[in-house]
Amino acid sequence: MRIILFGPPGSGKGTQGELIQSKYGFPKISTGDLLRQEVAAGTPLGRKAAAQMKKGGLVKDDLVVEMMKERIFKEDCRVGYVLDGFPRNIFQARELEAADGQRKEIAIDIQLPEKIIVERLLARRVCPECESILNLSLTKPKQEGICDHCGTELIRREDDTLEVIEERLKVYHQQTKPLVGYYREKNTYRRIDGSGGIQAVSRQIYALLEAAMANHSEKEARK
Ligand code: ADP
Ligand code: ZN
């Protein structure tokens, strides 16, 4: 099973990916998190990716694709995995298909109006240590400015400024939106309303996943 979460920046892919991971045990793979780790560690990949990330553009396809190919063939992905932030354009989608095309797939588009996206991203704080994500307009940490999970000081992501958010949205519309047509054609496209609270969104996702998994085991049984 491959679960692809897509939707604009700020639509809740990371949060929902984490919930899917704890409920079903499929590892959540976030290209954004992986790239940020590379940047923080100052690796050659991180050094190549940093400039694009800072201004909200896409990191070069070949770098991201290589990184992901390595990740999805690790042992923990055998039964399934959740992708957050990949593929982000048609080229990446084709590469994913070429590398791991046999897998049962569902692509969930978390839809959200632009106005809410900007509000959410400006209110987003992240933990640099354990990568938890928090939206100050939805949830307050127990102690102001501090991560509930590990006690580290929460920060605003460097690309969560109005200027960079606008650039990320532009890139989303130009490059990522065409994936709707791509996954529709494959018949794996589903869309949900991302504007409710965290639970309202996850309920819709679980319903889709359970339908997909039931359908899958039925097919397996008939083989
Ligand atoms: P967002 O909240 O915009 O979805 P992410 O954490 O997914 O943020 O990504 C942060 C940045 O990392 C992007 O703006 C981009 O520069 C880079 N990035 C993440 N995933 C990809 C990808 N699949 N291809 C190219 N660049 C990527
Ligand atoms: Zn933390």
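Atom set for the values below is all heavy atoms of this structure, side chains included, hydrogens, waters and symmetry mates excluded. Each ligand, and each atom within it, is numbered from 1 in the order the structure gives.
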If you count the atoms of ligand 1 from 1 in the order shown, which ones are under 4.0 Å from a heavy atom of [X]?
X	value
Lys13	4 (O)
Phe86	23 (N)
Val64	22 (C), 23 (N), 24 (N), 25 (C)

Taking only non-hydrogen atoms of [X], do any sit less than 4.0 angstrom from ligand 1?
X	answer
Arg124	yes
Arg36	yes
Arg157	yes

Quick one: angle Cys150 SG - the Zn ion (ligand 2) - Cys127 SG, to the nearest 10°?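 With the Zn ion (ligand 2) as the vertex, SG (Cys150) and SG (Cys127) sit 100° apart.
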
Checking a contact table here: which protein heavy atom is nearest [atom], and how many Å away?
atom	value
atom 11 (C) of ligand 1	Met53 CE, 4.0 Å
atom 24 (N) of ligand 1	Gln92 NE2, 2.9 Å
atom 20 (N) of ligand 1	Thr31 OG1, 2.8 Å
atom 14 (O) of ligand 1	Gly57 O, 3.8 Å

Determine, for [X] against [Y], whether the closest basic-nitrogen to carboxylate-oxygen distance falls under 4.0 angstrom.
X	Y	value
Glu105	Lys186	yes
Lys54	Asp159	no
Lys69	Glu95	yes
Asp160	Arg120	no
Glu166	Lys170	no
Lys28	Asp33	yes
Asp76	Arg71	yes

Proximity winner for atom 5 (P) of ligand 1, if only heavy atoms of Lys54, Arg168, Arg120, Arg88 are counted: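 When every heavy atom of Lys54, Arg168, Arg120, Arg88 is considered, Arg88 comes closest to atom 5 (P) of ligand 1.
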
Quick one, Lys104 and Arg2 - any side-chain contact, counting heavy atoms below 4.5 Å?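 No, too far: nothing below the 4.5 Å cut-off.
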
What's the shortest heavy-atom distance between Asp109 and Gly7, and which atoms?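 Minimum heavy-atom contact is OD1-CA, 3.6 Å.
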
Ligand 1 contact on Leu35 by region, counting heavy-atom pairs under 4.0 Å: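 The side chain, only.
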
N/O to N/O below 3.5 Å, does that happen between Val59 and ligand 1?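 Between Val59 and ligand 1 (N or O atoms, distance only) the closest approach is under 3.5 Å.
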
